[in-house]
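Working notes, beginning with the structure itself.
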Amino acid sequence: MRLIAVTCMHNCSEQRSSISDGYIGALERAALTPVVIPPSLSPQASVRGLERMDGLLLSGGNDVAPLRYGQQPRPEIGALDVLRDEQEFALVKKAFDLGIPVFGICRGAQVLNVALGGTLIQHIHANGPEGIQHCQNGQSWQCHHHIEVKPGTMLASALGAGIVAVNSHHHQAVDKIAPGLTVSATAPDGLIEGIECADPWILGVQWHPEMMWQHHPEFLHLFEIFARACKGERP
Ligand code: MN
């Protein structure tokens with residue numbers, strides 16, 4: 001049994017944490033056991049708990065505080081959560097110290113990039129003929145835009161190289177990529193949709209596979225390559 005620490009949403013005003021069922025189901029399908037760690041748990045206790053885990057999944061959520069990547073907040077910045085930032089950045093550092101795999105989804109991919117020294121686009125302005133909408137309406141599992149998966153990447157080992165249709169629920173994106181990470185996928189407007197590193201094992205995707213796998217089962221492959229990494233298999 002492989003235990004996976006899973007971070008989650010946190011509502012400061014209601015003092016309540018929550019996680020979408022899609023993450024839990026996808027991890028179970030990949031024979032992984034999720035252990036959800038709420039941001040109300042201190043960074044110190046969260047990091048101690050990670051010592052018992054085989055992997056870390058950074059789930060989707062609010063914007064990362066721009067001060068984390070050396071910028072002032074732009075007027076379009078969304079809701080921030082200091083507690084969650086503190087917990088997740090401590091967890092990522094500890095995961096690298098422990099050498100356990102990290103899978104980041106949406107905000108999670110952005111947290112990974114910032115933790116390693118990259119920056120974010122604070123708000124996507126989808127203007128001009130090449131502009132693409134990245135905040136879709138309608139069903140959250142529906143494919144909304146294409147990405148191009150680069151051949152030879154870990155992402156390509158899961159989804160195949162070339163054009164893949166994904167959902168899109170983000171108003172921010174990776175800007176300057178962190179040293180050590182490579183771009184594994186881009187949208188037609190040039191936005192980064194996938195980042196990764198083989199050693200230490202890091203996978204980040206800008207879309208939400210946990211919302212898609214019940215209708216598009218190929219997205220379970222992302223959780224399956226994560227599971228293999230958590231079992232010590234290297235790509
Ligand atoms: Mn997108």
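Few gaps surround CD on Glu218; more than 12 heavy atoms of other groups in view lie less than 6.0 Å from it. Remark: Arg68 CZ is packed, more than 12 non-hydrogen atoms of other residues, nucleotides or ligands lying under 6.0 Å away. Surrounding NZ of Lys93 are at most 12 heavy atoms belonging to other residues, nucleotides or ligands under 6.0 Å away.
Val92 pairs in a side chain to side chain contact (heavy atoms under 4.5 Å, CB included) with only one of the listed residues (Leu50, Val111, Val114), which is Val111.
Taking the six-membered ring for Trp and thresholds of 30 and 60 degrees, Trp201 and Phe103 have ring planes more than 60 degrees apart, a perpendicular arrangement. Relative orientation of the His216 and Trp141 rings is tilted, given thresholds of 30° and 60° on the angle between their planes.
Judged by distance alone, with hydrogens and angles left aside, the side-chain atoms of Asp54 form a donor-acceptor pair with the main-chain N or O of Leu3 at under 3.5 Å. Panel note: side chain Asn167, backbone His208; a donor-acceptor pair is recorded below 3.5 Å. The closest donor-acceptor contact from the side chain of Gln122 to the backbone of Gln72 lies under 3.5 Å. Without hydrogens or angle criteria, Gln110 side chain to Gln172 main chain gives a donor-acceptor distance under 3.5 Å. Judged by distance alone, the side chain of Gln136 and the main-chain N or O of Gln139 form a donor-acceptor pair under 3.5 Å. In this structure, the side chain of Asp189 engages the main chain of Leu191 through a donor-acceptor pair within 3.5 Å. Formation of a donor-acceptor pair under 3.5 Å by the Arg29 side chain with backbone atoms of Leu220 is not found in this model.
Counted by atom type alone, Glu76 and His171 present zero donor-acceptor pairs between their side chains at under 3.5 Å. With 3.5 Å as the limit, one finds no donor-acceptor pair spanning the side chains of Ser17 and His10. Using a 3.5 Å distance cut-off with no hydrogens or angles, the side chains of Thr186 and Glu148 do not pair a donor with an acceptor. Between His134 and Gln206, the side chains place no donor N or O within less than 3.5 Å of an acceptor N or O (distance only, hydrogens not considered).
Within the 4.5 Å cutoff, the side chain of Tyr69 has no heavy atoms near those of the Asp175 side chain.
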